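Quick note: residue numbers are just sequence positions, from 1. If you're wondering where the values come from, they're calculated on a predicted model, not measured in any experiment.
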Amino acid sequence: MIHASVTPLQGTAAAHETLARGAAFLAGFADRPVIADGWPQGPHFRTRARFIANCLRELDRFLHGLLDALGASAGHVVREEQRNTANKLRDFTLHPLAAREDQDRLRALGRSSACLIHCDGWVRRPDVSGGEVMTAGWSVPAGDALRRYPLGTRLAPGRAELVDVCDFYGALGDRLILAQPAGC
């Protein structure tokens, strides 16, 4: 079969597609038995925690790339040294999409990822100095509020939490790409 020449996506379209595909892949992966059947016990917990943390970091990196592409396509100076996606979203001035809730959730996702990768999911640091809880980057079951974990408990995000995170990244990416100014 002969295929017609396909023009690869570039710029913002490619960055948006990468984020959308990454979120869809992880959401689909969450339905597989390796995730859906619960967390392993013993030393395999650490492996799972690091794997999930890496997945969260990849989605964050894809969103970071989309923000860079949108900024560059609008002629803004893209600060490559700005590695914090929540702060990059805050500084994103192309349109009023830098909602405080999105920034807070991105920060919570960063804390969740760090907790999973560095502490094997054990909650050891609160949101604020002297606090007693850490806010995770996923919603409580059947709600919009982000889930909070007391110090000393363990994060073990499952299918519902991963799908919730994927939905968040997908929706945020869609809002950003749909509201981009003319010429992007």
Side-chain angles (χ1 to χ4, degrees), residues 18-19 22-68 79-92 97-173:
T18 299
L19 176 60
F25 175 82
L26 182 55
F29 188 78
D31 284 327
R32 292 186 175 193
V34 69
I35 299 294
D37 289 349
W39 278 66
Q41 298 302 312
H44 298 293
F45 194 101
R46 178 184 176 107
T47 303
R48 171 76 60 84
R50 287 177 169 251
F51 172 76
I52 296 298
N54 187 54
C55 291
L56 296 177
R57 287 178 175 195
E58 286 297 313
L59 288 177
D60 189 72
R61 189 72 192 130
F62 296 154
L63 176 60
H64 194 274
L66 176 58
L67 290 168
D68 282 350
R79 292 179 35 217
E80 294 196 21
E81 74 277 0
Q82 176 58 274
R83 306 304 289 174
N84 184 303
T85 306
N87 290 343
K88 189 170 281 270
L89 181 63
R90 178 198 64 212
D91 298 341
F92 193 63
L97 285 178
R100 181 70 182 183
E101 297 82 27
D102 294 333
Q103 295 170 45
D104 290 345
R105 186 160 187 184
L106 288 170
R107 285 186 184 91
L109 282 161
R111 282 191 302 275
S112 300
S113 175
C115 176
L116 287 164
I117 204 161
H118 297 296
C119 302
D120 299 334
W122 288 108
V123 177
R124 295 190 175 136
R125 293 187 179 175
D127 292 338
V128 294
S129 180
E132 297 181 10
V133 297
M134 185 193 91
T135 304
W138 44 86
S139 302
V140 297
D144 292 330
L146 295 180
R147 184 149 179 212
R148 300 176 70 165
Y149 291 84
L151 296 180
T153 59
R154 203 167 200 184
L155 300 183
R159 182 202 173 281
E161 292 82 7
L162 293 178
V163 169
D164 180 62
V165 168
C166 292
D167 289 347
F168 165 72
Y169 275 105
L172 180 56

### Spatial distance of atom OG1 (Thr18) from atom CD (Glu58) [nearest 0.5 Å]
11.0 Å
### Query
What pairs of residues pass the ring-ring contact (aromatic ring centres under 6.0 Å, His included) test when at least one of them lies in residues 46-68, not counting sequence neighbours?
Phe29-Phe51
### Query
Shortest non-hydrogen contact from Arg105 to Gly137?
NE-O, 2.9 Å
### Message
I'd like to check Arg57 versus Ile117 (side-chain heavy atoms, cut-off strictly below 4.5 Å). Are they in contact?
### Response
yes
### Query
For atom CZ of Arg148, is the number of surrounding heavy atoms from other residues, nucleotides or ligands below 6.0 Å larger than 12?
no
### Task
Sorted by first residue and then second, give each ring-ring contact (aromatic ring centres under 6.0 Å, His included) pair with at least one member in residues 110-162; sequence neighbours left out.
none
### Query
Where do Cys166 and Leu59 come nearest, in terms of heavy atoms and distance?
SG-CD1, 4.2 Å
#### Entry: Distance, nearest 0.5 Å, that separates CG of Leu56 from CZ of Arg111
13.0 Å
### Query
With a 4.5 Å heavy-atom cut-off, do Pro40 and Thr47 have their side chains touching?
no
Could you list the donor-acceptor pairs under 3.5 angstrom formed by side chains in residues 128-135, with sequence neighbours left out?
residue: Thr135; atom: OG1; partner: Asp127; partner atom: OD2; Å: 2.4

### Nearest-0.5 Å distance, CG of residue Leu106 to NZ of residue Lys88
13.0 Å
### Query
Would you find more than 12 non-hydrogen atoms of other residues, nucleotides or ligands less than 6.0 Å from Arg107 atom CZ?
yes
### Task
Evaluate the side-chain proximity of Val123 to Pro150: yes if any heavy-atom separation is below 4.5 Å, no if none is.
no
### Message
If the condition is salt bridge (charged side-chain N to carboxylate O under 4.0 Å, His left out), which residues does Asp60 pass it with, not counting sequence neighbours?
### Response
none
### Query
Between CG of Asp167 and CG of Leu172, what distance do you get to the nearest 0.5 Å?
12.5 Å
#### Entry: Nearest atoms (heavy-atom pairs only) where Gly173 meets Leu19
CA-CD2, 3.7 Å
### Message
Tell me every residue that passes salt bridge (charged side-chain N to carboxylate O under 4.0 Å, His left out) with Arg159, counting only those two or more places apart in sequence or in another chain.
### Response
Asp31
### Query
Taking all non-hydrogen atoms of both residues, which atom of Ala23 and which atom of Gly170 are closest, and how far apart?
CB-N, 4.4 Å
### Summary
Of all heavy-atom pairs linking Arg48 and Gly38, the shortest is NH1-O, 3.2 Å
#### Entry: Side-chain touch Tyr169/Leu26, heavy atoms, less than 4.5 angstrom
no
### Within residues 33-42 or reaching into it, pairs that qualify as side-chain hydrogen bond (donor to acceptor under 3.5 Å, both in side chains) - sequence neighbours excluded
none
### Task
State the CZ-CG distance between Phe168 and Leu146, to the nearest 0.5 angstrom.
8.5 Å
#### Entry: Backbone N/O of Ala108 and side chain of Ser112: donor-acceptor pair under 3.5 Å
yes
### Message
If I take atom CZ from residue Arg50 and atom CG from residue Asp120, how far apart are they, to the nearest 0.5 angstrom?
### Response
6.5 Å
### Query
Is any side-chain heavy atom of Ile35 closer than 4.5 Å to a side-chain heavy atom of Ile52?
yes
